[in-house]
Number of protein chains: 2
Amino acid sequence: MVVDRRKMIVDAATNSFSQFGFKATTMDQVAKIANVGKGTIYTFFSTKEELFDEITNSLIKEMKIAAEEAIDETLTFQENVHRALYRILEFRLEHQLTIKLFQEGREMRTPAAMEVIERIEKAILNFIKDKIEKAINKGEIQRCDPELTSFVMLKLYVALIFDWEKNHEPLSKEKIAKVLEQYIFEGLSK
Amino acid sequence: MVVDRRKMIVDAATNSFSQFGFKATTMDQVAKIANVGKGTIYTFFSTKEELFDEITNSLIKEMKIAAEEAIDETLTFQENVHRALYRILEFRLEHQLTIKLFQEGREMRTPAAMEVIERIEKAILNFIKDKIEKAINKGEIQRCDPELTSFVMLKLYVALIFDWEKNHEPLSKEKIAKVLEQYIFEGLSK
DNA sequence: TTTTGACCAAATGTCCAAATTAGTCAGTAA
DNA sequence: TTACTGACTAATTTGGACATTTGGTCAAAA
């Protein structure tokens, strides 16, 4: 195998999707960047969506790895959830592909982009849900509905990181940790 | 004063905005429904936006009244916040005008509709913030940032009422109260 | 057998004339 | 004189004919 055409295609498509988004990436363009004929792409992927799926699935896998790496078994459940969630949302801001996709979903409502956003969200929810279930079994936290709890946590994180700064100064990582601790883990009542 | 033309206009416009939204409501239509010449509208309101503002300001006032009515001084802060927030979000589902406006903002991005949504959100935040400040002064709850706390509460409510049911069975009013109590007011840790 | 790019139908974008709309104002009615 | 009106205008939006671009195919070349 002199050149791995499949890899060339995937790399070219990743670049193009990251720069221009799903809709504005054409198969002709991908073929040209990858230095292959357009037909070659279709020997590996039967549609543009399938090519896109392969790339976004890798993205989600990478995200999971990043989240797992953020976890430190010697720390408490609280600290780990914070570290993992913060890392995942940081990941979103570091990777051109996620930035572009979220923008495309929000501004142009491209269905393919919106589907990926949903898949990403579900992957994050599953990740946290799993951690919560384990923490319950270990007796680290109170018994609770893991589905609902992971949902509440993610919503709160997204709100604090992305929504809060639409009208306020961004919150520091430490401040977010404190807020989450105060609300989710401790409660507000006297 | 045989007929109150101003009221006729406001009523007609309210109906039309509720049915068709801001963009699809024409001043000719409002004039026709109100049984006045179009010029008459412009003796009371200098632009379509100004007419719209008058109507949406009434809406926000009505919302505040509904929220205040939901509050019962003999109950705890927790119960009252829940009652008020739930009432406000219920209000959104009961009033055609808010339903239409939120839909128009989401689907068509009509600037006028999006501005109103923002005004509504700010009004709700101010309302809760005020209640939180009073509760702190009375020593009913822990000291906390009222701005941030009201933000967290509203985001959580909206998530539980509107976002949760995109992928799950809707939560009952009681369940929402319980969830909020568990997280915001008590905390999750052992 | 693998790769290719010319080719096709379908989707998308580009015009521009016709229709619609917010806002005005000369004139009518009270 | 005052309150009201609707024909009018400038600006924007719409519809639809026409041109271009795009995802996907396939006969031929490598």
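By convention in this document, chain letters (A, B, ...) are assigned in the order of the sequence lines, proteins followed by strands, and residues within each chain are numbered from 1.
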Do side-chain atoms of [X] reach the backbone of [Y] as a donor and acceptor pair under 3.5 angstrom?
{"X": "A:Ser58", "Y": "A:Glu54", "value": "yes"}
{"X": "A:Thr56", "Y": "A:Phe52", "value": "yes"}
{"X": "A:Lys64", "Y": "A:Ala123", "value": "no"}
{"X": "A:Thr25", "Y": "A:Ser16", "value": "yes"}
{"X": "B:Lys23", "Y": "B:Glu104", "value": "no"}

What is the distance, to the nearest angstrom, from the [atom1] atom on [X] to the [atom2] atom on [N]?
{"X": "A:Met27", "N": "C:dA9", "atom1": "CE", "atom2": "P", "value": "20 Å"}
{"X": "B:Gln29", "N": "C:dG23", "atom1": "CD", "atom2": "P", "value": "15 Å"}
{"X": "A:Asp4", "N": "C:dT3", "atom1": "CG", "atom2": "P", "value": "10 Å"}
{"X": "A:Phe22", "N": "D:dT22", "atom1": "CZ", "atom2": "P", "value": "13 Å"}
{"X": "B:Asp28", "N": "D:dT9", "atom1": "CG", "atom2": "P", "value": "16 Å"}
{"X": "A:Ile41", "N": "D:dG23", "atom1": "CD1", "atom2": "P", "value": "9 Å"}
{"X": "A:Asn35", "N": "C:dG5", "atom1": "CG", "atom2": "C1'", "value": "14 Å"}
{"X": "A:Met8", "N": "C:dT3", "atom1": "CE", "atom2": "P", "value": "12 Å"}

Margin query: Just N and O in the side chain of A:Arg5: are any of them under 4.0 Å from OP1 or OP2 of C:dT3?
Written below: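 Yes.
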Notebook entry, point to check: With the threshold set at 4.0 Å, does a side-chain nitrogen-carboxylate oxygen contact exist between A:Lys178 and A:Glu181?
Noted result: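 Salt bridge between A:Lys178 and A:Glu181, a charged N being under 4.0 Å from a carboxylate O: no.
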Checklist line | Presence of salt bridge, A:Glu90 and A:Arg83, under 4.0 angstrom | finding: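 Here A:Arg83 does not pair with A:Glu90 in a salt bridge, since their nearest N and O are not under 4.0 Å apart.
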Note to self: The side chain of B:Glu49 is closest to which nucleotide in this list: C:dG23, C:dT3, D:dG23?
What the structure shows: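 When the side chain of B:Glu49 is considered, C:dG23 is the closest of C:dG23, C:dT3, D:dG23.
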Next item on the list: Look at the side chain of B:Thr26 and decide which nucleotide, out of C:dT3, D:dC4, C:dT21, has an atom nearest to it.
Entry: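 Closest of the options to the side chain of B:Thr26: C:dT21.
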Do any N or O atoms of the protein come closer than 3.5 Å to N or O atoms of nucleotides 25-30 of chain D, and which pairs are they?
none

Check: If each of A:Lys23 and A:Phe44 is mapped to the nucleotide of DNA chain C with the nearest heavy atom, which maps nearer the 5' terminus, i.e. the 5' end?
Finding: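 Nearer the 5' end of the strand: A:Phe44.
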